[in-house]
Amino acid sequence: MMKKWMICLCLLIGGLTAKAQCGAFNDAIKPGETLSYELKFNWKFIWFNVGWAQMNVHQTEYKGKECLQTDLLTFTNKRADRWFKMRDTLTCITTNDLIPLFFRKAAEEGKRYSIDEVNFSYRNGKCIVDQQRTLRGETNKRHDEMGVCVYDMLSILLQARSYDASQYKPGQKILFSMATGREIEKQTLIYRGKENYKAENDVTYRCLVFSLVEYKDNEEKEVITFYVTDDRNHLPVRLDMYLNFGSAKAFLTNIKGNKYPLTSIISKK
């Protein structure tokens, strides 16, 4: 469930190459932004509140340079802990123009505890990716030199939120590469179009709708559907995740420090 929750934050990204620089003009995010989410799980037609997640962005210093640090914390509540305990902390550091530099994920999921780390560097038009996963006391490392840009679960979100999706057409596929700590995966998003979404607090947002899909035996399987505000903030306000053992949803419940007015709000209480 946690991996799908992370991947669902990968929005709107296009095909950039390392030679074209792996950064982007930061149009959507400013230090001090905090987003809070409520997590729910469906079991036999009943929805349960299973926990919360919070993401915040702030200024930091990394290797002597001023950078952006993004942290994402995800916790299950005591009720959910009885069947699946989750305590995950993710951190990514990027330059101010959103070039990924470092990523770390410490994940306690059930009885499994792992630490993933990814270091990014850039040389001769290539993206150099050094990653490692520590699990049950063993650390496995991997080194890749890619001719395309590679992102982690959080830096890709920061990049994506600054892109203009106004030229996307329903059905358009968006491809990108992501480092997981163990390997580099190719991901596919499909733009579905625009839809109005009414949140539980009776606020209705105009949203861009995307699907993350998997391909198995040449068949397309939808993994996540998510809704992003159709304004310059590009905030993920709802995520529907289709799991092997049920379905889950994440709902944005609180916004602080957003850079622009929420012009995607159609109506509210």
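On a predicted model such as this, the values are computed, not experimentally measured, just so you know.
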message: For a quick test of reading the model, state the closest non-hydrogen atom pair linking Arg182 to Gln131 and the distance between them.
response: N-OE1, 3.4 Å
field: Electrostatic pair Lys268:Asp202 at N-O distance under 4.0 angstrom
entry: no
- prompt: What distance do His143 atom NE2 and Asn119 atom CG have between them, rounded to the nearest 0.5 Å?
  reply: 12.0 Å
- prompt: Does Asn233 offer a backbone N or O that forms a donor-acceptor pair with the side chain of Arg161 under 3.5 Å?
  reply: yes
- prompt: Just by distance, do the side chain of Asn258 and the backbone of Tyr260 share a donor-acceptor pair under 3.5 Å?
  reply: yes
- prompt: Does the side chain of Phe48 reach to within under 4.5 Å of the side chain of Arg79, using non-hydrogen atoms?
  reply: yes
query: Do the side chain of Ser162 and the main chain of Asp27 share a donor and acceptor less than 3.5 angstrom apart?
result: yes
task: Any chance you could measure Glu185, atom CD, to Phe176, atom CZ, to the nearest 0.5 Å?
output: 9.5 Å
message: Main chain of Glu108, side chain of Asp88: is a donor-acceptor contact present, judged purely on distance under 3.5 Å?
response: yes
message: What I want to find out is whether Glu183 reaches Arg133 closely enough, with some N-O distance under 4.0 Å, to be called a salt bridge.
response: no
query: Is there a donor-acceptor pair under 3.5 Å between the side chain of Ser177 and the backbone N or O of Val150?
result: no
- prompt: Any donor-acceptor pair under 3.5 Å linking the side chain of Gln159 with the backbone of Leu98?
  reply: yes
task: Answer with yes or no whether the hydrophobic clustering places Phe75 together with Tyr113; edges join I, L, V, M, F, W, Y residues whose side-chain heavy atoms lie under 4.5 Å apart.
output: no
task: Before accepting this row, confirm whether a basic side-chain N of the pair Asp164/Arg232 lies closer than 4.0 Å to the acidic partner's carboxylate O.
output: no
query: Looking at Lys141, Lys105, Arg104, which hits side chain to side chain donor-acceptor pair (under 3.5 Å) with Glu117?
result: Arg104
query: Given side chains that start at C-beta, do those of Thr95 and Leu101 come closer than 4.5 Å, heavy atoms only?
result: yes
message: If only side-chain N and O atoms count, and only distance matters, is there a donor-acceptor pair under 3.5 Å linking Glu38 with Asn49?
response: yes
message: Looking at every heavy atom in both His58 and Pro31, which two are closest together, and how far apart are they?
response: CA-CB, 4.1 Å
- prompt: Is it true that Arg123 and Glu145 make a salt bridge, defined as a side-chain N closer than 4.0 Å to a carboxylate O?
  reply: yes
- request: Please check if the distance between the ring centroids of Trp83 and Phe41 is under 6.0 Å.
  value: yes
message: Taking Gly181's backbone N and O only, do any of them form a donor-acceptor pair with Arg142's side chain (distance below 3.5 Å, no angle check)?
response: no
message: Is there a side-chain contact (heavy atoms from CB on, under 4.5 Å) between Val57 and Lys30? Walk through the geometry before answering.
response: CA-CA 7 Å; Val57 183; Lys30 68 176 183 179; over 6 Å; no
Pair Ser264-Asp231, side-chain donor/acceptor within less than 3.5 Å: yes
statement: Shortest non-hydrogen pair, Thr263 vs Arg206, comes out as O-NH2, 3.8 Å
message: Using disulfide bond (SG atoms under 2.5 Å apart), reason through Cys149 and Cys22 one step at a time and then give a plain yes or no.
response: CA-CA 6 Å; Cys149 292; Cys22 294; 2.1 Å; yes
- prompt: Are any of the side-chain heavy atoms of Cys92 and Tyr151 separated by less than 4.5 Å?
  reply: no
field: Hphob cluster co-occupancy, Met55 + Met178, side-chain heavy atoms under 4.5 angstrom
entry: yes
Heavy-atom pair with the smallest gap, counting every atom of Ala199 and Tyr205: CB-CE1, 4.2 Å
- prompt: Taking the six-membered ring for Trp, are Phe251 and Tyr197 parallel (under 30°), tilted (30 to 60°) or perpendicular (over 60°)?
  reply: parallel
- prompt: Are the side chain of Thr229 and the backbone N or O of Leu235 linked by a donor-acceptor pair below 3.5 Å?
  reply: yes
- prompt: In terms of heavy-atom contacts, does CZ of Arg112 have more than 12 from other residues, nucleotides or ligands at under 6.0 Å?
  reply: yes
query: Between the side chains of Arg192 and Ser211, is a donor N or O closer than 3.5 angstrom to an acceptor N or O?
result: yes
- prompt: Would you say the side-chain atoms of Gln69 and Asp71 include a donor-acceptor pair closer than 3.5 Å?
  reply: yes
message: Set out, in order, the CA-CA distance, both residues' side-chain angles and the distance that settles side-chain contact (heavy atoms from CB on, under 4.5 Å) for Gln172 and Gln167, then state yes or no.
response: CA-CA 10 Å; Gln172 182 173 341; Gln167 302 303 312; over 6 Å; no
task: Measure the CZ-SG distance between Phe120 and Cys127 for me, rounded to the nearest 0.5 Å.
output: 6.5 Å
task: Output the distance between atom CG (Asn26) and atom CG (Asn96), rounded to the nearest 0.5 Å.
output: 8.0 Å
Near-ring test Tyr37/Trp52, centroid separation under 6.0 angstrom: no
message: Let me confirm one number: the OG1-CG distance from Thr225 to Leu239, rounded to the nearest 0.5 Å.
response: 9.5 Å
query: Can Thr134 and Thr139 be counted as having a side-chain donor-acceptor contact under 3.5 angstrom?
result: yes
- prompt: For the hydrophobic clusters of this structure (ILVMFWY residues joined by side-chain heavy atoms under 4.5 Å, transitively), does one cluster hold both Ile99 and Ile128?
  reply: no
message: Treating Asn201 as the side-chain partner and Val203 as the backbone partner, does any N or O pair qualify as donor plus acceptor under 3.5 Å?
response: yes
field: Minimum side-chain heavy-atom gap Ile93-Lys63 below 4.5 Å
entry: no
query: Does Leu252 share a hydrophobic cluster with Ile29, counting links as ILVMFWY side-chain heavy atoms below 4.5 Å and allowing steps through other members?
result: no
query: Out of curiosity, Ile190 CD1 to Glu222 CD, how far, rounded to the nearest 0.5 Å?
result: 7.5 Å
- prompt: Would you call Tyr227 and Asp240 a side-chain contact if the rule is heavy atoms closer than 4.5 Å?
  reply: yes
query: According to a 4.5 Å side-chain heavy-atom criterion applied to Ile, Leu, Val, Met, Phe, Trp and Tyr, with indirect links allowed, do Leu158 and Ile255 form part of one hydrophobic cluster?
result: no
- prompt: Under a 4.5 Å cut-off applied to non-hydrogen side-chain atoms, are Ile266 and Asn196 in contact?
  reply: yes
query: Which atoms form the tightest heavy-atom contact between Pro100 and Thr94, and what is the distance?
result: CA-CG2, 4.0 Å
query: Does any non-hydrogen side-chain atom of Thr180 lie less than 4.5 Å from one of Asp116?
result: no
field: Within-4.5 Å side-chain heavy-atom neighbours: Val209 and Lys194
entry: no
- request: Could you verify whether a donor N or O on one side chain and an acceptor N or O on the other, from Ser36 and Gln54, lie under 3.5 Å apart?
  value: yes
- prompt: Using 4.0 Å as the upper bound for N to carboxylate O, is an ion pair formed by Glu33 and Lys256?
  reply: no
- prompt: Ignoring hydrogens and geometry, is there a side-chain-to-backbone donor-acceptor pair from Asn56 to Leu72 under 3.5 Å?
  reply: no
